[in-house]
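Chain letters run A, B, ... following the sequence lines, proteins first, then strands; residues in each count from 1. In what follows, every heavy atom counts, from backbone to side chain, and hydrogens, waters and symmetry copies are set aside.
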Amino acid sequence: MPEGHTIHRLARQFNDVFSGQPVLASSPQGRFSSGAEKIDGRLLVSAHAHGKQLFISFDHELTLRVHLGLYGAWDFGGDESFRGASSIGAPRRIGERELAASDEGYCGPPAPVGAVRLRLQTEHGWADLRGPSACELLTEQELVAQIAKLGPDPLRDAADAGQQFGRNVLAKKSASAIAGLLMDQSVVAGIGNIYRAELLFRNGIDPWQPGSSLQPGQVAALWADAVLLLARGVQAGKIITTERAEQRSSGALNYVYQRQGERCLHCPQTVLMTELAGRKLYYCPGCQQPGNS
DNA sequence: GGCCAATGCATAG
DNA sequence: TATGCCTTGGCCG
């Protein structure tokens, strides 16, 4: 469930509280025991996010790749250097959850609760990983291959990222619906089901319009909006796509996501929900009509 | 206690 | 297009 903003927050958290330190690694659940052994006692060098992939590098050339999938999450706890314990990943309710820190002194990590695939631990605190769809160690070559599969990430400041997104969407082969392309991590990395629905609504685009038929200006606007919304998500720790005045008047943080059956915030129509490629797609039939360009 | 959905993706047919 | 992965919390009994 986490989208790109969540993974970038995780990378920041790891860089803040783990980088440059030796870490103990274990797999209380047992499903990553052999991998945990390979990083146990190593120096954690740094963490990087690309789209929904989290990469954590260690001082022996191996890189941990973690993908949270639908329901993965990390829990953190430790002393004051952790700036409070938190949980970052799949929210169990709408909106991301960040637990308040306990005021008591740090006396080591608690016994693992539930299915903890990987626990990383320093003298200052710990991180528990549950429910990832991917947790594996990569060689340098494998890391390069993983990253090569990903499209541009709106949260990474590559100079030509927007142009790359435009080429990917407008390519002749991109005859498929723009709603599908936005979820394709080789087209753009980091957008998930909420951001794709909200981006299409905010830009007045029919979800079924083929990407290759969009106006270049529309594609540029979509990219700029993705950069804005994902950055807002990193800052807020949750996905907020409505504007402040609208939040005050309606209480809604999103325009269409999980608002099916409710009235559109911009027109008299009712927000609809359907399935596309096995995922729920939310949209306003009034604001997102075919041929809005 | 069981069932289901969830911000995802890989693989099979 | 359908199924599996794999975990938790909410809901229903």
Q: May I have the step-by-step check of salt bridge (Lys or Arg N to Asp or Glu O under 4.0 Å) for E3(A) and R196(A), ending in yes or no?
A: CA-CA 10 Å; E3(A) 302 194 24; R196(A) 71 100 171 250; over 6 Å; no
Q: Report the residue from D75(A), L68(A), L10(A), I7(A) that forms a side-chain contact (heavy atoms from CB on, under 4.5 Å) with I88(A).
A: L10(A)
What is the separation between atom [atom1] on [X] and atom [atom2] on [N], rounded to the nearest whole Å?
{"X": "Q258(A)", "N": "dA5(B)", "atom1": "CD", "atom2": "P", "result": "12 Å"}
{"X": "L150(A)", "N": "dA10(B)", "atom1": "CG", "atom2": "P", "result": "10 Å"}
{"X": "K52(A)", "N": "dG8(B)", "atom1": "NZ", "atom2": "C1'", "result": "6 Å"}
{"X": "L68(A)", "N": "dA6(B)", "atom1": "CG", "atom2": "C1'", "result": "13 Å"}
{"X": "M183(A)", "N": "dA6(B)", "atom1": "CE", "atom2": "P", "result": "12 Å"}
{"X": "E275(A)", "N": "dT1(C)", "atom1": "CD", "atom2": "P", "result": "11 Å"}
{"X": "Y195(A)", "N": "dG8(B)", "atom1": "OH", "atom2": "C1'", "result": "16 Å"}
{"X": "L70(A)", "N": "dT8(C)", "atom1": "CG", "atom2": "C1'", "result": "12 Å"}

Could you check which of [options] has an atom nearest any side-chain atom of [X]?
{"X": "Y282(A)", "options": "dT8(C), dG8(B), dA6(B)", "answer": "dA6(B)"}
{"X": "A115(A)", "options": "dG8(B), dT8(C), dA6(B)", "answer": "dT8(C)"}
{"X": "R130(A)", "options": "dA6(B), dG8(B), dT8(C)", "answer": "dT8(C)"}

Q: Quick one: label R196(A) by what it contacts on the DNA or RNA (base, sugar-phosphate, nothing), any heavy atom closer than 4.0 Å.
A: nothing
Q: Looking at every strand, decide which applies to G4(A) at a 4.0 Å heavy-atom threshold: base, sugar-phosphate, or nothing.
A: nothing
Q: Take atom P in dT8(C) and the same atom in dA10(B), then report the distance between them in whole Å.
A: 23 Å
Q. If we take the P atom in both dG13(B) and dC5(C), what is their distance in whole Å?
A. 14 Å
Q.
Can you tell me if Q185(A) touches the phosphate of dG8(B), counting only side-chain N or O atoms and a distance under 4.0 Å to OP1 or OP2?
A. no
Q: May I ask you to verify if any side-chain N or O of H67(A) is less than 4.0 angstrom from the OP1 or OP2 atom of dC9(B)?
A: yes
Q. Partners of S186(A) by side chain to side chain donor-acceptor pair (under 3.5 Å), sequence neighbours excluded?
A. D184(A)
Q: Apply side chain to side chain donor-acceptor pair (under 3.5 Å) to R117(A) and list each qualifying residue two or more places apart in sequence or on a separate chain.
A: Q29(A)
Q: Fit a plane to each ring of F76(A) and F18(A), take the angle between them on a 0 to 90° scale, and name the class: parallel (under 30°), tilted (30 to 60°) or perpendicular (over 60°).
A: tilted
